[in-house]
Amino acid sequence: MNIAITTDFLPVEKAYVAQPVWRDDGWSIDWQIADGYYLYRHMFSFKNGNKTLQIQYPQGVVIDDAVFDTKLEVYYQQVSIPITADTNPSALLRVDFQGCADAGLCYPPTTYWFELDNTNQVAQAVAAPVESPELNFLMVLFMALLGGLILNTMPCVFPILSIKVMSLIGKQNHLGHSWSYTAGVVLSFIVLAILVLMLKAAGHLVGWGFHLQSPLVIVALIFLFLLMGLSFSGWFEFGGRFSHLGHKLTQKQGYAGSFYSGVLATIVASPCTAPFMGTAIGYALLANQSVGVTLLIFAVLGFGMALPLLWLSYCPNLLNRLPAPGQWMQTCQRLLALPLYFTVAWLLWVLVQQSGIVAVLILMVGLLLLLAAIWLWNRQAKILAIISAALMVLSLLIALFFAQAKAPISDGFWQPYSKQKLEQALANNRSVFINATAAWCITCLVNERVAFGTKFEQQLKQQNTLALKADWTDYDPAITKLLEANGRTSVPLYLFYSNEGKLTLLPQILTEQRLLNLTQSP
């Protein structure tokens with residue numbers, strides 16, 4: 001079986017070609033559907049003026065649809081749908097429909113218009129109303145706003161958002177700080193979008209959250225979150241030049257502190273993909289998408305992420321109900337250090353996956369040397385502090401030297417992904433399950449813990465299903481191509497090929513029962 005994997009999706013008018021045809025019993029709309037594409041039966045609507053036509057639809061094929069998260073009837077290849085139009089000499093027929101590609105892209109609802117000449121029994125397509133594309137674009141913007149809003153529930157964003165909420169208590173200029181935070185978030189989303197576009201234009205295969213594939217970025221975040229956590233714990237008083245290591249950027253009194261908090265929140269949130277967010281980013285990064293549309297979608301994503309803090313600022317009564325500033329705030333500040341330490345632990349675990357345990361152990365020595373340097377500097381032992389800092393830099397260089405490649409993933413069940421393994425299994429009529437994941441993807445880790453249990457493994461083994469893990473923790477162009485071929489820009493991505501080669505794109509949020517139902521052989 002030959003499986004064609006492509007990153008280029010057809011325009012909707014080429015993927016779904018409709019032609020009204022006059023037959024003895026009246027009009028029919030004949031659809032020619034491109035290979036690898038399908039149309040939803042339940043999304044069809046035929047209108048003659050203001051009248052909705054009652055259609056007797058032909059039988060289609062039932063699939064497990066990941067978009068609507070249920071079994072749905074669809075049409076492949078071709079279908080002829082009979083209609084009963086107006087008996088007047090001419091009629092204007094409106095056809096609404098929606099289709100998807102097996103590779104993962106779903107088109108927005110689309111409208112075709114046909115002028116039917118009942119006298120001469122001929123038909124011609126006419127231009128669609130100009131408002132239809134705008135309506136579809138507004139739907140994408142709404143999904144971007146909702147996805148950014150849900151992003152605040154991700155564990156990687158919680159520490160920063162909590163810190164900013166605490167910083168508003170007892171202040172009069174709530175709006176100024178909230179809008180500064182919003183500016184930091186929105187501008188950071190736009191900058192990351194520009195970086196992705198520039199790298200793609202230069203021929204690099206990158207996706208959303210690509211910067212966390214760099215161990216250097218992970219190390220920088222480890223140092224930053226550790227310093228912030230220690231500051232909140234009250235173990236160190238940062239002063240002088242050391243305040244510029246991140247603490248001053250996010251904690252100083254001016255609006256700049258709020259702005260840089262938004263920047264930091266975006267950096268740690270970018271590897272997460274919330275519901276609705278993946279669809280919006282996929283639409284924004286289409287190959288033929290304009291730069292203006294792409295940047296607008298990312299800006300709306302950022303605004304959605306900053307929206308809770310803005311809402312809180314415009315509802316000052318909620319803040320006023322909290323006790324006046326006092327000792328309780330210091331206690332809360334100590335508690336807020338805990339998620340920062342958890343973030344450091346998580347980033348260290350990610351670094352183990354990327355660079356190996358030896359490099360991480362040496363890095364931990366570097367962290368201790370950094371603490372010693374700060375402690376010595378605050379006690380005016382500046383020469384010793386500089387020596388400790390120099391040893392810290394040396395330990396970082398040694399850690400990079402000892403960094404080792406990841407061992408191939410193989411525990412007897414999961415095998416490392418490769419396009420060759422996929423094509424070979426499908427050619428042998430063997431079903432395949434692909435888990436595209438990364439160590440820095442919180443959603444991926446939760447899904448693996450919740451859904452990928454013993455029952456799931458037993459079911460795949462009984463079906464002789466090949467289980468492939470596409471680990472995107474480090475940069476891998478083959479996995480990037482896999483994501484792009486399925487309309488995604490980041491992980492998680494879950495694909496199930498039946499032994500007949502039929503592809504099902506699974507939802508990003510999984511439960512064990514849903515996974516068992518979707519991957520069960522008919």
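Qualifying side chain to side chain donor-acceptor pair (under 3.5 Å) partners for Glu73, counting only residues two or more places apart in sequence or in other chains: Arg41. For Tyr75, the ring-ring contact (aromatic ring centres under 6.0 Å, His included) criterion is met by no residue, not counting sequence neighbours. In this view, Gln462 satisfies the side chain to side chain donor-acceptor pair (under 3.5 Å) rule with no residue, not counting sequence neighbours. Residues that satisfy the ring-ring contact (aromatic ring centres under 6.0 Å, His included) test with Phe303, not counting sequence neighbours, are absent from this structure.
Within a 6.0 Å sphere centred on OH of Tyr57, other residues, nucleotides and ligands contribute more than 12 heavy atoms. Residue Phe456 qualifies as enclosed at atom CZ: its count of foreign heavy atoms under 6.0 Å is above 12.
In this structure, Phe433 and Phe452 have perpendicular ring planes: the angle between them is above 60°, well past the 30° mark.
Taking each heavy atom of Glu512 and Gly453 in turn, the nearest pair found is OE2-CA, 3.8 Å. Of all heavy-atom pairs between Val344 and Leu226, the closest is CG2-N, 3.6 Å.
Residue pairs satisfying the salt bridge (charged side-chain N to carboxylate O under 4.0 Å, His left out) criterion with at least one member in residues 426-447, sequence neighbours excluded, are absent. Among pairs with a residue in residues 99-109, those fulfilling side chain to side chain donor-acceptor pair (under 3.5 Å) read Tyr76-Asp102, at least two apart in sequence or across chains.
When atom types are taken as modelled, the side chain of Tyr181 and the backbone of Tyr260 share no donor-acceptor pair closer than 3.5 angstrom. Without hydrogens or angle criteria, Tyr37 side chain to Leu10 main chain gives a donor-acceptor distance under 3.5 Å.
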